[in-house]
Engineer: 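Have a look at this one.
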Amino acid sequence: MKEMRVSQLLNPTLREVPAEAEVVSHQLMLRAGFIRKAAAGIYTYLPLGWKVIRKIEQIIREEMDVKGGQEVMLPIMQPAELWKESGRWDVYGPEMFRLKDRHNREFCLGPTHEEIITDLVRSEVRSYKQLPLLLYQIQNKYRDERRPRFGLMRGREFIMKDLYSFDKDLPGLLESYDKMYKAYERIFTRCGLTFRAVEADAGAIGGTGGTHEFMVLADSGEAAVVFCKECDYAANVEKAECLPRLVPTDDSLKVMNGEIHTPGTKTIDQVANILKINKTSLIKTMVYKGDDKYFVVLVRGDREINEIKVNNSLGPFVNLRMAQPEEVLSLLKCEPGFVGPIGIDNDIVIAADLEVAEMESLVCGANKKDYHLVNVKCGQDFVPTKTLDLRMVVTGEPCLKCKGKLQEARGIEVGQVFNLGKKYSESLKATYLDDKGHEQYCLMGCYGIGVSRTMAAAIEQNYDNNGIIWPMPIAPYHCIIVPVSLKDEEVVSTAEALYKELTELGVETVLDDRDERAGVKFKDSDLVGYPLRITIGKKTLAEGKVELNNRRTGEAQLVTAEDACALVKAIVDEALK
RNA sequence: CGGGGUAUAGCGCAGUUUGGUAGCGCGCCUGCCUUGGGAGCAGGAGGCCGGGGGUUCGAAUCCCUCUGCCCCGACCA
């Protein structure tokens, strides 16, 4: 019989909040004795923290296995050759931990495992008869984040599940994608999380198809998402699109013409003020440098440029940044505040946002210090090289799908599903022979879940002033038994008997056998977040009763010891169903 | 990687301005007492004051330097 007494449990709880922790999940995990920091972004999991991790992993395993996933163990330390072959050795940059062996051969600590898994499959898969293949692993991954923070939320060493799908054709890939999407919905639901799947940008992993991120909605989330109140549209702001929202031209603008003197105006606000027009009537002209190429991006004055959209539609670039003022000056012979799209060299690409293209009359920089041009129209006065969606979406804008109002929220990204297409199978030559004997590239998908981050996210959504409130399926233990005094023999013997019985019933139970005052035990049990607590005290025991407390509802009921057992068993079974 | 902050006992902090050999609360150990929401009393253990260098009779304190950590920004599955 597995048993655990709190007196023996390595569960160092803290009364005070360690100064280094900012977000609730980090504070509570430290205070409740779940994790300890080893270095920035690197943590030790203590017994209770590790139990939660293993519960989450187990739920993931079950749902992956149901879909035909096969678990493997892949190397964390990976040879540079594979990464050079895929082209990502150079692309990944300083975020990858790199090391050398005694022979000076290069390796990295895997930030992800596409290369290594594709290498396996290309060696071992020959025939279409072996496909589809769904392989997954749950392991540590390493990313040398510029700024690790928020405890387990953004670590440099973290636990991740990745499943890689290999299919012989597009319908197969779409089916694998759909399987994983549905599995993820089940996983996060079972973990007790409120989440939303959102359309997302594929980022460095790349790939040809769509991608969805699974976001746990929480104010502490690092990601911003928008979703529609009317329909099911939801997207990461990096990706979010909406209908262009046209605004009428300023009346005051109609009476102006040509070049206007606008001395000293460095910002959109200053120009709008001096001309007494709305920012919506201005063109924001930004010069970017993508690798070694300069180009110009135009959005309306009230808009923010979405650099991810810029990168996706004009790049992709390894390095994309705004041009320095000196660079702008030497490129356009004009200071940044007064640049505009008219009269720019033909070989410089001009990318205009959809809204810029549709405005009747606009103001832009004259490419001449202290002057702006008024009554400019896109298509007449200048012709952009490309016209596309390049801006950030904000709250209240019309949904692309249904014209409903979009709303913003914060989210913690706990999972992402990617349709990779042939990106890695081509670069790493993962092929199979089809039923006609022709060699074909595998179609791949990759599906990640941040396991350690999911633990943090679960806390962000389940806590109160007293501590964590674990959802039953991922709680380190289901139930804690608290004998109020160790001096009273009947209290102790009842506690021991209940403990034995519950444990035999398969309820994961700990017994708080510490010789502490009741208050201390209650505080600790609330902090750690055991879903159920049985309190055994002299007074109630005199009436033949013990108390059953529900951590989430705060509800307490007096029942006989016998009933307490049956009740706890029933509650746990119901919650795990 | 830029900007800011910080480093003193396991945790939270004071002491640094004005140099004189280290302190408070919590936790920990012993004993008494107490036992339904982090009790009380008494006694105790625990610190190369982040590292290195300098100034000085003397440095937690002043100067130089390195490092760790935290925050903001940039960046990022």
Side-chain angles (χ1 to χ4, degrees), chain A residues 12-23 26-27 30-31 33 36-42 88 91-96 110-114 141-151 153-156 158 160-162 200-207 211-215 222-223 236 238 307-308 311 317-322 412-418 420 446-450 453 465-467 482-488 491-492 512 514-528 533-542 545-547 549 554 556 558:
Chain A
T13 55
L14 303 172
R15 282 193 195 197
E16 285 170 289
V17 182
E20 70 191 48
E22 199 194 9
V23 297
H26 190 194
Q27 293 176 348
L30 288 170
R31 284 193 58 207
R36 287 291 183 261
K37 183 174 66 182
I42 300 176
R88 290 209 293 180
V91 175
Y92 231 101
E95 197 162 296
M96 186 151 71
T112 175
H113 286 73
E114 281 85 7
K141 308 219 175 188
Y142 296 82
R143 292 183 197 171
D144 193 1
E145 294 282 349
R146 284 177 178 197
R147 196 175 153 204
R149 57 182 147 175
F150 300 156
M153 214 95 97
R154 176 160 298 262
R156 295 194 293 173
F158 54 98
M160 188 160 168
K161 185 280 307 185
D162 255 323
D201 178 70
I205 279 208
T211 173
H212 287 86
E213 290 169 336
F214 285 76
M215 294 285 189
E222 291 188 90
N236 191 311
E238 295 176 346
E307 291 191 2
I308 291 184
N311 191 251
F317 305 104
V318 175
N319 286 304
L320 173 69
R321 60 170 175 83
M322 272 163 47
I412 301 165
E413 183 200 336
V414 288
Q416 185 160 18
V417 290
F418 286 97
L420 293 175
C446 113
Y447 317 87
I449 291 179
R453 186 185 278 184
N465 285 336
N466 293 314
V482 177
V484 166
S485 167
L486 298 189
K487 297 287 188 293
D488 187 296
V491 166
V492 172
D512 195 344
R514 294 176 300 169
D515 188 12
E516 290 283 356
R517 294 167 60 85
V520 173
K521 299 189 188 184
F522 293 154
K523 287 290 183 190
D524 271 351
S525 103
D526 285 351
L527 179 59
V528 167
R533 184 181 85 209
I534 297 175
T535 311
I536 302 162
K538 205 166 19 176
K539 281 182 218 150
T540 55
L541 205 53
K545 298 286 177 67
V546 299
E547 188 179 274
N549 305 75
L558 286 174

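Since the model is a prediction, treat every value here as computed from it, not as a measurement. Letters go in sequence order (proteins before strands), and every chain restarts at 1. These values consider heavy atoms only, across backbone and side chains, with no hydrogens, waters or symmetry-generated copies.
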Engineer: Nearest-Å distance, CD (A:Glu222) to C1' (B:C75)?
Structural biologist: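 Atom-to-atom, A:Glu222 to B:C75, this comes out as 11 Å.
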
Engineer: Mind checking whether A:Cys446 and A:Gln416 have side chains closer than 4.5 Å, heavy atoms only?
Structural biologist: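 A side-chain contact under 4.5 Å is absent here.
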
Engineer: Can you check the distance between B:G54 and B:U61, where both ends of the measurement are the P atom (answer in whole Å)?
Structural biologist: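 Their P atoms lie roughly 14 Å apart.
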
Engineer: Classify A:Asp524 by what it touches in the nucleic acid, base, sugar-phosphate, or nothing, heavy-atom distance under 4.0 Å.
Structural biologist: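 Base contact.
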
Engineer: Tell whether A:Arg147 reaches the base of B:C75 with its side chain through a donor-acceptor pair below 3.5 angstrom.
Structural biologist: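 Checked by distance alone, the answer is no.
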
Engineer: Just how far, in rounded Å, is C1' of B:C70 from NE2 of A:His26?
Structural biologist: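 So the NE2-C1' distance, A:His26 to B:C70, works out to 11 Å.
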
Engineer: Apply side-chain contact (heavy atoms from CB on, under 4.5 Å) to the pair A:Met160 and A:Ile449, showing each step before the final yes or no.
Structural biologist: CA-CA 6 Å; A:Met160 188 160 168; A:Ile449 291 179; 5.9 Å; no

Engineer: Could you state the interatomic distance from CZ (A:Arg143) to CZ (A:Arg156), rounded to the nearest 0.5 Å?
Structural biologist: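 It is 14.0 Å, given to the nearest 0.5 Å.
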
Engineer: Which whole-number value in Å describes the distance from A:Glu213 CD to B:A77 C1'?
Structural biologist: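 Nearest whole value for this atom pair: 8 Å.
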
Engineer: Among B:A77, B:C76, B:C70, which is the nearest nucleotide to the side chain of A:Glu95?
Structural biologist: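 Per side-chain heavy atoms of A:Glu95, the pick is B:C76.
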
Engineer: Is A:Arg36 touching bases, backbone alone, or none of the nucleic acid, heavy atoms closer than 4.0 Å?
Structural biologist: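 Result for A:Arg36 = nothing.
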
Engineer: For nucleotides B:C69 and B:G50, find the distance between their C1' atoms and express it as a whole number of Å.
Structural biologist: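 Here B:C69 and B:G50 have their C1' atoms 10 Å from each other.
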
Engineer: Which nucleotide in the list B:A77, B:C70, B:C76 gets nearest to the side chain of A:Arg154?
Structural biologist: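 The answer is B:C76, which lies nearest to the side chain.
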
Engineer: Rounded to the nearest angstrom, tell me the gap between atom CG in A:Asn236 and atom P in B:C75.
Structural biologist: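 Interatomic distance, CG of A:Asn236 to P of B:C75: 14 Å.
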
Engineer: Within the structure provided, determine whether A:Met96 and A:Arg88 are in side-chain contact (heavy-atom separation under 4.5 Å).
Structural biologist: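 A:Met96 does not reach A:Arg88 side chain to side chain.
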
Engineer: NA contact type, A:Ala21, heavy-atom cut-off 4.0 Å: base, sugar-phosphate, or nothing?
Structural biologist: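 Since no nucleic acid heavy atom lies under 4.0 Å of A:Ala21, the category is nothing.
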
Engineer: Roughly how many Å apart are B:A60 and B:U17, using the P atom of each and rounding to a whole number?
Structural biologist: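 That atom pair is separated by 12 Å.
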
Engineer: May I ask which nucleotide in the shown strands pairs with B:C41, Watson-Crick or G-U wobble, both distances under 3.5 Å?
Structural biologist: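 Because both required distances fall under 3.5 Å, B:C41 counts as paired with B:G31.
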
Engineer: Given B:C71, B:A77, B:C69, which nucleotide is nearest the side-chain atoms of A:Arg453?
Structural biologist: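 Output: B:A77.
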
Engineer: Roughly how far apart, to the nearest Å, are B:U30 and B:G46 at atom C1'?
Structural biologist: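 Taking atom C1' in both B:U30 and B:G46, they lie 15 Å apart.
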
Engineer: Can you measure A:Lys141 atom NZ to B:A77 atom C1' for me and round it to whole angstrom units?
Structural biologist: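 Result: 10 Å.
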
Engineer: Expressed in whole Å, how much space separates the P atoms belonging to B:C63 and B:G47?
Structural biologist: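 Each nucleotide's P atom is 29 Å from the other's.
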
Engineer: So if I define the base as every atom that isn't primed, P, OP1 or OP2, how would nucleotides 31-37 of chain B read as a B/S/- string at a heavy-atom cutoff under 4.0 Å?
Structural biologist: ---BBBB

Engineer: Grab the CG-C1' distance between A:Leu14 and B:C13 for me, whole Å please.
Structural biologist: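 A:Leu14 atom CG is separated from B:C13 atom C1' by 15 Å.
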
Engineer: Both A:Phe158 and A:Glu16 contact RNA chain B. Taking the nearest nucleotide for each, which residue is further toward the 5' end?
Structural biologist: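 Counting from the 5' end, the first nearest nucleotide belongs to A:Glu16.
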
Engineer: My understanding is that a pair needs two contacts under 3.5 Å, Watson-Crick or G-U wobble. By that rule, which nucleotide pairs with B:G46?
Structural biologist: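 Partner of B:G46: none found under 3.5 Å.
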
Engineer: Say you draw a straight line from OG of A:Ser485 to CG of A:Asp515; how long is it, rounded to the nearest 0.5 Å?
Structural biologist: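 If I round to the nearest 0.5 Å, the distance is 7.5 Å.
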
Engineer: Using side-chain heavy atoms (C-beta onward) and a distance below 4.5 Å, is A:Arg147 in contact with A:Arg154?
Structural biologist: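 Side chain of A:Arg147 against side chain of A:Arg154, heavy atoms only: no contact under 4.5 Å found.
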
Engineer: What is the distance from atom CG of A:Asp524 to atom CZ of A:Arg514, rounded to the nearest 0.5 Å?
Structural biologist: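 Nearest 0.5 Å value for the CG-CZ distance: 4.5 Å.
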
Engineer: Given the P atoms of B:U8 and B:G4, what is the spacing between them in whole Å?
Structural biologist: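 Each nucleotide's P atom is 22 Å from the other's.
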
Engineer: How long is the span from the NZ atom in A:Lys37 to the CD atom in A:Glu20, to the nearest 0.5 Å?
Structural biologist: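 Those atoms lie 3.5 Å apart.
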
Engineer: Test your reading of the model: is there a side-chain donor-acceptor pair from A:Lys538 to the backbone of A:Asp488, 3.5 Å cut-off?
Structural biologist: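 Not a single qualifying donor-acceptor pair exists.
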
Engineer: Any strand counts, and the cut-off is 3.5 Å on both contacts for Watson-Crick or G-U wobble. Which nucleotide pairs with B:C11?
Structural biologist: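 B:C11 is paired, partner B:G25.
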
Engineer: Considering only B:C70, B:G38, B:C71, which nucleotide approaches the side chain of A:Arg149 most closely?
Structural biologist: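 Of the options given, the side chain of A:Arg149 lies nearest B:C71.
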
Engineer: Is it the case that the base of B:A77 and the side chain of A:Arg143 share a donor-acceptor contact (distance under 3.5 Å, atom types as modelled)?
Structural biologist: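 Checked by distance alone, the answer is yes.
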
Engineer: Please determine, for B:C1, whether a Watson-Crick or G-U wobble partner exists with both distances under 3.5 Å, and give it or none.
Structural biologist: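 Across any shown strand, B:C1 pairs with B:G73.
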
Engineer: One pair to check against side-chain contact (heavy atoms from CB on, under 4.5 Å): A:Leu541 and A:Val546. What are the steps and the verdict?
Structural biologist: CA-CA 6 Å; A:Leu541 205 53; A:Val546 299; 4.2 Å; yes

Engineer: Take atom P in B:C64 and the same atom in B:U6, then report the distance between them in whole Å.
Structural biologist: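 B:C64 and B:U6 have their P atoms separated by 15 Å.
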
Engineer: Measure NZ/A:Lys521 against C1'/B:G38 and give the value in whole Å, please.
Structural biologist: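 Atom-to-atom, A:Lys521 to B:G38, this comes out as 13 Å.
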
Engineer: Quickly work out the A:Glu22 CD to B:C72 C1' distance and round it to whole Å.
Structural biologist: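 Nearest whole value for this atom pair: 10 Å.
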
Engineer: Sticking with atom C1', work out how far B:C62 lies from B:U18, rounded to a whole angstrom.
Structural biologist: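 B:C62 and B:U18 have their C1' atoms separated by 11 Å.
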
Engineer: Examine B:C26: is either OP1 or OP2 under 4.0 Å from a nitrogen or oxygen in the side chain of A:Arg15? Give yes or no.
Structural biologist: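 Negative; the distance criterion is not met.
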
Engineer: For A:Val17, report the nucleic acid contact type (base, sugar-phosphate, nothing); a contact means any heavy atom under 4.0 Å.
Structural biologist: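 If one applies the 4.0 Å heavy-atom cut-off, A:Val17 turns out to touch the sugar-phosphate alone, with no base involved.
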
